[in-house]
Structures are given as C-alpha cells and as structure tokens.
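Per chain, numbering begins at 1; letters A, B, ... match sequence-line order. Since the model is a prediction, treat every value here as computed from it, not as a measurement.
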Amino acid sequence: MNEIPPYLQDLNEEQRAAVFHEGKPLLILAGAGSGKTRVVTTKIAYLIREKFVNPRSILAVTFTNKAAREMAERATAIESSATDAMLRTFHSFGAWFLRRNGEYAGLSSNFVIYDDEDMVTVLASIIEGKKKNELKLIAHQISRAKDYFFTPESADLVFINHKSEFRKIYAQYEDALRKTGNVDFGDLIKKPVEILRDNPGVAQKLHDRFRVIMVDEYQDANVAQFELLKAICSPETYVCVVGDDDQSIYRFRGAEVKNILEFPDRFGGADIIRLEKNYRSTSHILDVADSVVRRNTGRLGKELKAERGAGVKPMLAFLNDQDNEARECAALIDNSVRVKKNSAYSDWAVLYRTNAQSFGFENEFLRRKIPYRIVGSLKFYEREEIKDALALLSFVVNTKDEVSFRRVVNKPSRGIGASALEHILLERAAADWDIEAAAENSAQGLSAKARAGVVSFLEAINNARKTLLTPQQENGAQVPDDSSRILKAAQGLSRCVADLIENAGIAEYHRSHDEVSGETRVSNLQELVNGAVLYDATPEGLADFLERIALDRAIEQQDDGESRVTLITVHNTKGLEFRRVIMTGLEQGLFPRNDKEGDDLEEERRLFYVGATRAMDELYLTSCACRRVFGQTTPMAPSLFLEEVDISKMRIVGSPPYGFKLPSVKEKSGKAAGHKQKVSSDGRWRLGDRVFNEDCGYGEINAIDEDAEGPVITVCYENGRRQRFLSRAQSSRFMKIRD
DNA sequence: TAGTTTTAAGTTTTT
DNA sequence: CTTAAAACTA
C-alpha cells in the first residue's frame with residue numbers, strides 16, 4: 001500500500017473512494033454539508049498530482065460563477081497547476097465554445113448575449129399589438145423551450161404552450177435573433193449541442209481536449225445541459241457528477257431531477273457513491289430542515305447523519321411586521337457580536353425569499369451601523385442608463401444588433417422617430433442585415449431632421465470604433481516601453497468606454513434630462529466605466545467585458561477585509577455556509593410563494609431545506625403577522641412549513657397570530673410565561689375571549705399580565721395586529737363576544 | 001412626435 | 001409604493 005499524502009488524509013472513507021474512483025462514470029449523491037466541493041477540488045488535485053492528468057484536459061462545470069471561482073480557489077490551494085483546469089458555469093462554457101466555433105451556426109465571434117428584456121424587444125419587433133406582459137410570458141416560454149432542447153418544429157412544444165401561434169412566434173423569433181447575429185441564454189447551451197452533433201470534426205477536437213469532466217450541483221441541470229454534457233463526452237471521457245435531489249431549486253428554469261435519477265442509465269451503468277455524513281450543521285438544525293423536506297414525495301431519500309452533536313435548538317420568532325423583523329434581526333446580531341467572544345458579523349447571514357425584502361434590512365443595518373454586504377441584487381445592470389451604455393457598446397461590437405440599435409439610436413433625441421426607424425430597418429435586407437450600413441444607405445428616404453440625426457449617430461459609433469482599434473495612438477508612443485504598457489493596463493478599456501458614453505451623449509442626456517437623479521445616473525455610469533478597467537481596449541476586450549456582465553451580474557464587492565453580515569436570497573446561498581443563519585419571512589404566500597401546490601410546493605420545501613442547512617451552529621426563523629405589500633399593510637399567515645416542522649426541536653418566541661395552531665406546543669413562552677393567568681384580577685377579561693374592535697375587527701385575548709396599574713391585556717386580531725392595553729383604560733369601543 | 005401628466009396594474013427565484 | 005400603459009398637451 002502506498003502512503004497516503006496529507007491532503008487526502010482527512011477525507012472519510014466514502015469521500016476518499018470518490019476521489020480515487022476511476023473508469024466508469026461516477027454519480028456522487030452528496031447531502032448538504034457532506035463535503036462535496038471538497039471531494040471535487042481534491043479530486044482535481046489528485047488527478048493532476050497522482051495520475052499525471054494534464055490540468056488543461058480537466059473541465060469542471062458549476063451553476064454559478066461564485067461556485068466556479070470558489071472551486072478554482074480551493075483546487076489551486078491544493079495543487080497550484082489546477083489553475084490551468086477549466087472551471088466554468090454551463091453558460092460560460094457554452095459562450096467559450098461559441099466564440100471559437102460559432103461559425104458553424106452562422107455566428108461570428110463577436111456576438112453579444114441578450115437578456116430577458118432584450119428577448120422581449122426582439123419579440124416586440126416581430127409581433128404587433130401585444131402588451132409587454134404577454135411578450136414577457138412568450139419570452140419566458142421560449143426560454144423554457146430551449147431549456148428542454150425543443151426547436152420550433154418539436155412536437156413536444158405543446159407541453160410549453162399548446163397554441164399553434166406559439167410555434168410560429170418561436171420560429172419568427174429565432175429568425176429575427178439570427179439576423180442580429182446575437183444569442184440568448186438558451187442558445188449558449190442549445191447551439192453548442194447542435195454544432196457538436198452536426199460537426200464530428202469539432203466534436204472530436206473537443207473530446208481530445210477534455211478527458212475529465214465533472215459537474216457540480218447536477219440536480220439543477222436541465223435537459224439541454226444534460227444534452228450538452230453528453231455531447232462533450234466521448235466514450236473515453238471520465239465523467240463525474242455530484243448532486244443532491246433535495247437541493248434541486250431551479251425547476252422553474254427547467255432543471256430536471258430526473259437527470260440524476262436517470263444518470264446511471266444514460267451513462268452506461270455508472271457507479272454511485274453516497275456521502276451521507278454531514279460535517280456542517282448540528283443535529284437539531286438538520287432535524288428541522290429534514291422534518292420539512294421529508295414531506296416531499298418523489299425523492300431518493302437519504303439519511304443524513306450529523307457528525308457534530310446536537311447543538312442549540314433553532315429559534316422560531318413570531319413578530320409583528322417587517323420593521324419589527326428588521327429590528328429584531330439587527331438586535332440579535334448586534335447583541336451576539338457584542339456579547340459573544342466568538343461571534344463576528346461575517347458569521348451571520350440573513351436569508352430571504354425575494355430580493356425586494358433586502359431593503360428593510362439594509363435600512364435598519366445602515367441606521368445601526370451594522371456592516372453588511374448584499375449578494376446578488378441584479379439591480380445595477382438593469383438601470384436604464386447602464387442598459388443604454390451597454391447597448392451602445394454592444395452595437396459597436398456588433399452592428400447587426402437591432403435591440404441595441406433601437407435602444408440608443410435616438411438617445412439623446414436625434415429626431416429619429418418610429419417611421420424613420422422602420423425605414424432604416426427595412427434597408428437591412430439590402431445590406432446583409434448590417435444596420436450601420438443600412439443607416440448609411442437610407443438617407444434619401446428620410447426627412448432632413450432624421451438624416452442629420454443618423455449622421456450624428458454614425459459619427460459617434462465611428463469615433464468609438466477608431467478609439468477601440470487604435471487605443472495607443474493618443475499617447476503618441478512609438479516605443480512600446482514598459483510605462484506605456486502599464487498605463488494601458490491600468491486604463492484598459494475604461495477610458496474608451498468613458499469616451500464613448502460622453503461622445504454619444506448618453507451622459508449628457510441623463511445630466512440634462514433630470515437634474516436630481518441625473519447625477520446619480522452619471523455616477524452609475526462612472527462605476528460601469530471603472531468596471532471596464534481590467535479589460536483590453538480592443539474589440540475582443542470589449543466583447544469579454546460585455547460577456548462578463550451578461551453572465552455574471554453579481555457586482556464585484558471590494559473585499560476590504562471588514563467583517564460583514566451577508567444579506568442574500570435563499571437561492572443564492574446554495575453551496576455556501578454560515579455559522580449563524582436567520583431565515584426571514586416564513587409566511588404563507590411569501591415562503592412558500594402564493595399557494596404553490598404539487599411539484600411547485602415541493603420545490604419550495606427544498607428551498608427551505610437549502611436555506612436551513614446553510615447554518616452550522618445557530619438557526620433562527622422569523623414569521624411576521626403582517627407585512628407591507630403594495631405599500632399596504634396586509635395580514636399574513638405563518639408559513640405552512642412552520643406546521644410541518646418538528647417543533648420539538650425548536651424554541652419559540654412570541655405568539656403566532658390569531659387562529660394559528662402550532663402542532664402540540666404549550667400556550668406561549670416568553671415574558672408573560674411566569675405570571676400567566678386565566679382571568680384578570682378585576683374579573684373583566686378571560687384568556688381566549690373573543691373581542692371586537694371597530695378599527696381592527698375580531699380578535700382574541702392572548703395574554704393577561706398584572707401590572708402596578710392593574711391588569712394588562714394583550715389582544716391578537718384576525719388582521720394580524722396586536723394590541724396591549726390597561727384593563728381600566730378600556731372604553732366601550734371594545735366589545736366582548738361570548739362564544 | 002416628443003415629452004409630460006394621469007390612471008391602472010402588479011411582486012419570485014437566476015444563468 | 002413603484003412601474004407600465006394610455007391619454008393628453010405643446
């Protein structure tokens with residue numbers, strides 16, 4: 001027996017088996033916190049170091065950029081040459097492939113990637129008289145179709161939308177998209193599969209390059225991604241996928257759990273290794289998470305064993321409203337960091353179901369000076385001025401880009417209205433679908449005003465292109481000495497981007513348009529410019545920059561080493577862990593979302609499971625009695641999950657709203673617990689009495705305390721409000737109702 | 001036709 | 001409370 005190298009020593013038996021495994025395809029079923037990232041990164045290092053596999057022939061695919069980065073970091077820490085392995089998301093791999101082989105699908109290497117909003121613009125250009133919401137739905141369905149690898153001709157398209165109209169629109173959309181020379185997200189997966197299928201030579205080259213392929217979070221792969229995986233694997237490729245069916249949370253995006261179930265069949269009798277030892281969470285936390293997800297039918301089922309002991313019980317807090325929730329979370333964190341020696345802000349994460357919920361926490365944390373960072377929050381790249389600037393850049397890169405052209409041609413106002421626009425676009429057919437050429441050729445059909453506008457637009461584009469192609473000229477640097485190269489590296493693309501935004505009048509447009517918000521918009525543009533600093537001032541550099549933005553919208557958080565609380569959506573936490581986690585907003589309609597049922601409800605349960613299993617030491621759940629929605633306070637019922645959860649493993653604080661019965665829990669705990677009584681000392685009130693109040697409606701007496709001033713009564717109303725009052729101060733506005 | 005004011009409608013989750 | 005569509009004015 002060979003001696004075991006140190007980096008393999010702390011692995012358990014199953015983990016080690018997974019790392020050493022070779023030959024047949026391998027499916028690793030890895031529960032939450034069972035060390036699967038560790039297995040993948042160790043395996044990469046092991047293959048390079050012990051099996052002399054060329055790092056360049058290893059491909060590891062993940063679902064988020066963050067996961068890809070983390071994986072690269074950890075693998076490189078063990079084996080430095082792992083830096084040459086390719087670690088990408090599925091989409092980023094698809095883009096990488098298409099930049100090199102797009103010609104086989106009629107794409108040039110400078111395509112840009114359309115987001116959902118751009119899809120809607122394309123649809124709007126081919127369909128008349130549909131509202132934006134309808135177009136959004138169609139765009140969504142086209143995305144789904146591509147996730148399932150359906151073409152406009154596929155018979156199965158009826159499962160997405162049964163109308164024959166949809167088939168027609170999908171076909172027209174594909175046609176319009178092709179003319180722009182660009183791709184949407186779905187194409188990044190679908191087109192590579194088609195190219196590999198139709199061009200054996202291309203496939204052969206790829207098969208020669210990648211001998212080892214690993215997929216992380218495999219439960220989130222959709223049908224098209226599964227097809228891509230098959231297409232990049234040859235019989236000689238070693239394939240290893242890692243996943244957990246209980247953590248599949250992207251069904252809405254076409255993820256198919258059956259990819260996991262069918263993997264052994266589809267990949268010729270794969271070996272299966274289960275990792276069922278959880279090293280992350282204490283057992284009470286796991287029990288709480290498991291008690292909810294076990295209600296799901298149709299799961300592989302597994303016993304996750306906690307290796308860390310029982311720990312403290314998770315806490316469930318019933319609170320009044322979202323302001324209360326923000327304050328309580330802030331107080332909890334602040335207190336913990338202040339009091340406990342071993343608690344830092346960075347140990348904490350506040351989880352929520354929707355991005356919109358982050359606002360309340362941000363405000364409160366700012367007020368209390370609690371340092372935080374927000375993960376995700378796509379808002380920045382959705383701002384109008386940013387989209388304008390990016391559209392301008394996209395058009396410079398690809399002058400067939402109709403979506404971007406429409407967006408910026410008349411911004412600032414150049415007198416080019418709808419009719420002029422249509423005229424220019426009609427000229428495209430004679431100009432090989434190049435819009436810039438079409439605009440040049442369209443002069444005679446336009447009004448004098450529009451003609452002048454077109455000239456000024458073309459000028460701006462041309463200037464931009466000149467700067468991009470010959471960026472060094474402005475320095476007059478004949479000798480390419482070190483200092484000019486350093487200068488170029490430091491300025492990168494950002495100078496060109498800044499010039500372009502100025503010259504094309506985007507910045508001026510926003511400055512003059514609205515004095516108040518104009519300045520913020522211009523400073524947002526400046527931030528975009530700063531982001532371009534690392535990229536070359538060349539068309540390729542620009543294309544790289546745009547791709548990064550399209551595929552990885554998480555704003556680069558500067559790591560100043562300060563310890564910060566993490567604010568994050570539950571979806572975004574996948575693959576992360578925190579010592580202390582607060583899952584907020586456990587209310588019916590919010591989490592789980594609106595009356596989800598069947599498979600959708602099961603997905604929400606898995607989401608709960610993912611969130612809860614992020615916690616290592618402490619888990620807190622909050623549920624509010626009411627919440628502001630559309631600016632109006634509306635009553636909320638506690639989440640269904642709070643009825644399903646194993647309550648014996650939790651501590652409860654506060655009392656649930658009117659009418660909600662926790663399964664087998666004694667009355668209420670908390671402050672009043674010590675001197676709780678059935679009847680008030682003045683005999684006026686009885687615990688559990690129904691009462692009516694003009695302002696709040698029906699309610700129930702929830703607690704009776706005795707004070708120096710006499711009895712204090714607490715009422716919970718059906719609308720979620722709660723009220724405390726002195727018995728003797730109560731007037732006739734209150735009516736008692738006997739059962 | 002471009003820009004503003006009024007009115008109606010509406011909240012997932014992400015590559 | 002915010003955003004999109006419709007209606008309106010210069």
Between [N] and [X], is there an OP1 or OP2 to side-chain N/O distance shorter than 4.0 Å?
| X | N | value |
| --- | --- | --- |
| A/Asn65 | B/dT15 | no |
| A/Asn355 | B/dT13 | yes |
| A/Thr64 | B/dT14 | no |

Please give, in whole Å, the distance from [N] [atom2] to [X] [atom1]?
| X | N | atom1 | atom2 | value |
| --- | --- | --- | --- | --- |
| A/His140 | B/dT15 | NE2 | C1' | 13 Å |
| A/Met119 | B/dT14 | CE | P | 18 Å |
| A/Lys190 | B/dT15 | NZ | C1' | 17 Å |
| A/Phe359 | B/dT11 | CZ | C1' | 13 Å |

I'd like to know if [X] pairs up with [Y] as an ion pair, taking the criterion as any Lys NZ or Arg NE/NH1/NH2 lying under 4.0 Å from an Asp or Glu carboxylate oxygen.
| X | Y | result |
| --- | --- | --- |
| A/Glu547 | A/Arg99 | yes |
| A/Asp321 | A/Arg628 | no |
| A/Glu70 | A/Arg74 | yes |
| A/Arg251 | A/Glu256 | no |
| A/Arg627 | A/Glu587 | yes |
| A/Asp187 | A/Lys190 | no |
| A/Glu134 | A/Lys131 | no |
| A/Lys574 | A/Asp244 | no |

Identify whether a stacking contact exists between A/Phe252 and B/dT13, where the ring centres must be under 5.5 Å apart and the planes under 30° apart.
->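 Answer is yes, a stack.
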
Residues within residues 87-94 of chain A bordering DNA chain B, heavy-atom distance below 4.0 Å =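 Those residues are A/Thr89, A/His91.
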
Residue closer to the 5' end of DNA chain B, A/Asn133 versus A/His571 (nearest nucleotide) |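 Whichever sits nearer the 5' end wins; that is A/Asn133.
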
Could you write out DNA chain B as a dot-bracket string, with dots for unpaired bases, | for bases paired across to another strand, and Watson-Crick or G-U pairs counted at under 3.5 Å?
-> ||||||||||.....

Using a 4.0 Å heavy-atom cut-off across all strands, classify A/Asp147 as base, sugar-phosphate, or nothing.
->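 The answer is nothing, as A/Asp147 stays clear of every strand by at least 4.0 Å.
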
If the C1' atom of C/dA4 is compared with that of B/dT13, how far apart are they to the nearest Å?
->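 That atom pair is separated by 23 Å.
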
Hey, would you say the A/His571 and A/Tyr250 ring centroids sit under 6.0 Å apart?
->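 Here the rings of A/Tyr250 and A/His571 have centres that are less than 6.0 Å from each other.
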
Which nucleotide, C/dA6, B/dT13, B/dT14, lies nearest any side-chain atom of A/Lys131?
->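 Nearest to the side-chain atoms of A/Lys131, counting from C-beta on, is C/dA6.
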
